[in-house]
There are 2 protein chains.
Amino acid sequence: MTEKDIMCCKHNFVHEDKVNLVEHEMPKEENLLGVTELFKVLGDPTRTKILSVLYTQELCVCDISKVLNMTKSAISHQLKILKMARLIQSRKAGKEVYYALADDHVGKIYRMAIEHVME
Amino acid sequence: MTEKDIMCCKHNFVHEDKVNLVEHEMPKEENLLGVTELFKVLGDPTRTKILSVLYTQELCVCDISKVLNMTKSAISHQLKILKMARLIQSRKAGKEVYYALADDHVGKIYRMAIEHVME
DNA sequence: ATAACAGTTGAACAACTATTCAACTATTAG
DNA sequence: CTAATAGTTGAATAGTTGTTCAACTGTTAT
């Protein structure tokens, strides 16, 4: 019997009642993966910093590059990921593209995380 | 002049007032990295699932393995990461080790994310 | 039309990370 | 003491991902 065999946790030794309850209460796979995806997008230093500056106000790509001291290319790549995750929105004004948080909910999540870290 | 040159965003073309304001409002690097680390830990499907089951009640490693249909080794590795991030706590009872969410705040963050995803 | 600038994009490389595997510790039952 | 079970751990592998680089689009001004 190897570790590979998931039945190493034989039915006899698993707390069946607990497992059944938990399985019942668990959100749908689809929603859990959505949560994972949300956190994964937020879990990168560049993207966290972008959110933190957009939390104050909307900015163009060039401004963000300046504040974070990174190339426009690197910023643009990350902006795309944030936008696909619907965490930010953009509007075009001439040659410039301005980015802002998608809605209040995103700001709320960011603020909550900051508060949690600062205790 | 290459893209590499961060001064491609010459001072003339950057919105200096905005940049200055944002730099001033921005949280300390240390705290931002803390936020990133928090999200990074949460941004893995296995760890998200572990949180979701512990959100219902405390469980031993074997139970978690059963519910997620993964080996104890894989679960144990992820539990360690969650514990180092102070998102969960453990207590030993005989041969078994029971894990639970570290505090209400963790549950609150998890619930908020689930609600955000489910809209 | 042409030059200059803002921004985007795809490929490639380097760094990171989750799972597997095998070996290990520790606790309990016989 | 010995066997069996719960859990941990380190190394290795395979998959993922962020930045760089170079080339590109689109807009504005001369």
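Chain identifiers are assigned alphabetically (A, B, ...) following the order of the sequence lines, protein sequences preceding nucleic acid strands; residue numbering begins at 1 within each chain. Just so you know, these numbers use all the heavy atoms, side chains as well, and skip hydrogens, waters and symmetry mates. Please read these numbers as outputs of a predicted model, since none were measured by experiment.
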Hey, any chance Leu33(A) and Val67(B) share a hydrophobic cluster, counting ILVMFWY side chains that come within less than 4.5 Å of each other, even indirectly?
no
Touch check for Lys83(B), heavy atoms < 4.0 angstrom, all strands: base, sugar-phosphate only, or nothing? nothing
### Task
Mind checking Tyr99(B) for me? I need base, sugar-phosphate or nothing, with any heavy atom below 4.0 Å counting as a touch.
sugar-phosphate
Any side-chain to backbone donor/acceptor pair from [X] onto [Y]? Under 3.5 Å, distance only.
X: Thr48(B); Y: Leu42(B); result: yes
X: Asn20(A); Y: Glu16(A); result: yes
X: Glu25(A); Y: Thr56(B); result: no

| said: Taking atom types as they are modelled, would you say the side chain of His77(B) forms a donor-acceptor pair with the base of dG10(D) within the 3.5 Å cutoff? | reply: yes
- Checking only heavy atoms, does the side chain of Ser73(B) share a donor-acceptor pair with the base of dT9(D) at less than 3.5 Å? yes
Query raised in the report: Ser76(B) side chain N/O closer than 4.0 Å to the phosphate oxygens (OP1, OP2) of dG7(D)?
Result: no
- So, is Thr46(B) close to the dT19(C) phosphate, meaning a side-chain N or O under 4.0 Å from OP1 or OP2? yes
So side-chain hydrogen bond (donor to acceptor under 3.5 Å, both in side chains) across residues 101-119 of chain A, not counting sequence neighbours, yields Tyr55(A)-Arg111(A)
Euclidean distance, atom [atom1] of residue [X] to atom [atom2] of [N] [Å, nearest integer]:
X: Gln78(B); N: dT8(D); atom1: CD; atom2: C1'; value: 13 Å
X: Met70(A); N: dC21(D); atom1: CE; atom2: P; value: 13 Å
X: Phe39(A); N: dT17(D); atom1: CZ; atom2: P; value: 17 Å
X: Asp63(A); N: dC5(C); atom1: CG; atom2: C1'; value: 14 Å
X: Arg47(B); N: dT19(C); atom1: CZ; atom2: P; value: 8 Å
X: Ile81(B); N: dG10(D); atom1: CD1; atom2: P; value: 13 Å
X: Ile75(B); N: dA6(D); atom1: CD1; atom2: C1'; value: 14 Å
X: Lys72(A); N: dA4(C); atom1: NZ; atom2: P; value: 14 Å

Note to self: Does this structure show an ion pair linking Arg91(A) with Glu58(A), if we count only N-O contacts that are shorter than 4.0 Å?
What the structure shows: yes
Taking for Lys80(B) and for Lys40(A) the nucleotide of DNA chain D with the nearest heavy atom, the one nearer the 5' end belongs to Lys80(B)
Letter by letter from the 5' end, nucleotides 24-30 of chain D scores (B base, S sugar-phosphate only, - none; protein heavy atoms under 4.0 Å) --BBS--
